[in-house]
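Lettering of chains follows the sequences in order, A, B, ..., and the numbering in each one begins at 1.
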Amino acid sequence: MNKGTDRTPLTREFFDRPVLDVAPDLLGRILVRSTDEGRIELRLTEVEAYAGEVDPGSHAFRGRTPRNSVMFGPPGHSYVYFTYGMWHCLNLVCGPEGMASGVLLRAGEIGVGAEMARKRRFSARHDRELAKGPARLATALDVDRALDGSDVIAGPKAALSVLRGTPPPRDQVRSGPRTGVGGDGSHQPWRFWIDGDPTVSPYRAHAPRRRST
DNA sequence: GGCGGGATGATCT
DNA sequence: GATCATCCCGCCA
């Protein structure tokens, strides 16, 4: 990790903005996960924006449910969901409150605590694959539903927090369609990543699963 | 390295 | 009962 990285936690105001402002601005920030075993730090390299109840790709599209209720609460909190029967994904809720918008954290580079991440991600061949993909990121950082609703601006001692880090130059930020989102939500360029970064997950077009016969 | 397909279960209609 | 913001393995090149 760069010397001179800004280790100040992000503020509530940072998250209390429209999701399309917050999402690209999260690139290069440092996500800190603290557990009994130690600390893992990850530099965010890929994210996706989900624009609340107006976005067909969003869990909040059909309104508030017990699972997604955190998305409707104050910005600066984590929303963790369980999917495909096996995996967790980590999101950060953005403002304004009640909009139910969030940013899916899709990939990052582990700078501190790689040993712990390797233990949890034993099948990864290279360190750049430890958090390449949203479920891998959550697995590497030991994130599950127990962390749903965590306040991420409480400082680096909290279970989950985000520090200012070092955002990339504007011309290194790319955007494109979101991964795995079909239907009306598929054409918005709401996926953001750092150009050329080896930890960015490969794009896969949305492919409807075959009907079982 | 690039694919096809199976695994697996909470959630919501 | 369909959907799901996925990953990994095995196979082929």
Rounded to the nearest angstrom, tell me the gap between atom [atom1] in [X] and atom [atom2] in [N].
| X | N | atom1 | atom2 | value |
| --- | --- | --- | --- | --- |
| H88(A) | dT11(B) | NE2 | P | 11 Å |
| R191(A) | dT6(C) | CZ | P | 11 Å |
| W193(A) | dA5(C) | CH2 | C1' | 16 Å |
| R125(A) | dG1(B) | CZ | P | 10 Å |
| K132(A) | dC7(C) | NZ | P | 11 Å |
| D148(A) | dT11(B) | CG | C1' | 14 Å |
| D144(A) | dT6(C) | CG | C1' | 17 Å |
| L105(A) | dT6(C) | CG | P | 13 Å |

If you only use heavy atoms from C-beta on, which nucleotide in [options] is closest to the side chain of [X]?
| X | options | result |
| --- | --- | --- |
| T83(A) | dC4(C), dC7(C), dA5(C) | dC4(C) |
| M86(A) | dC7(C), dA5(C), dA7(B) | dA7(B) |
| R67(A) | dA5(C), dC12(B), dT6(C) | dC12(B) |
| F82(A) | dG9(B), dT6(C), dT11(B) | dG9(B) |

**Salt-bridge contact E109(A)-R43(A) (side-chain N to carboxylate O under 4.0 Å)** = yes
Hey, does the side chain of [X] come within less than 4.0 Å of [N]'s phosphate (OP1/OP2), counting only N and O?
| X | N | answer |
| --- | --- | --- |
| S123(A) | dC8(C) | yes |
| R62(A) | dT11(B) | no |
| R136(A) | dC8(C) | yes |

**Request:** Decide whether a cation-pi geometry holds between R17(A) and F14(A); the criteria are a distance under 6.0 Å from NZ or CZ to the six-membered ring centre and an angle within 45° of the ring axis.
**Result:** yes
**Stacked cation flag R178(A) on F192(A), 6.0 angstrom / 45 deg** = no
**Complete:** 5'-most contact on DNA chain B (nearest-nucleotide basis), W87(A) vs N68(A), goes to W87(A)
**Prompt:** Is the aromatic ring centre of Y50(A) closer than 5.5 Å to the centre of the six-membered base ring of dA5(C), with the two planes inclined by less than 30°?
**Reply:** yes
**Item:** Linked, directly or transitively: I153(A) and M99(A) (ILVMFWY side chains, under 4.5 Å)
**Value:** no
**Message:** Within a 6.0 Å radius of atom CZ on R62(A), are there more than 12 heavy atoms belonging to other residues, nucleotides or ligands?
**Reply:** no
**Request:** Answer with yes or no whether Y81(A) presents, from its side chain, a donor or acceptor under 3.5 Å of a partner atom in the base of dA5(C).
**Result:** yes
**Request:** Have a look at R121(A) and say if it touches a base, only the backbone sugar-phosphate, or nothing, with a 4.0 Å heavy-atom cut-off.
**Result:** sugar-phosphate
**Prompt:** What is the pairing partner of dA5(C), taking Watson-Crick or G-U wobble pairs with both distances under 3.5 Å in any strand?
**Reply:** none
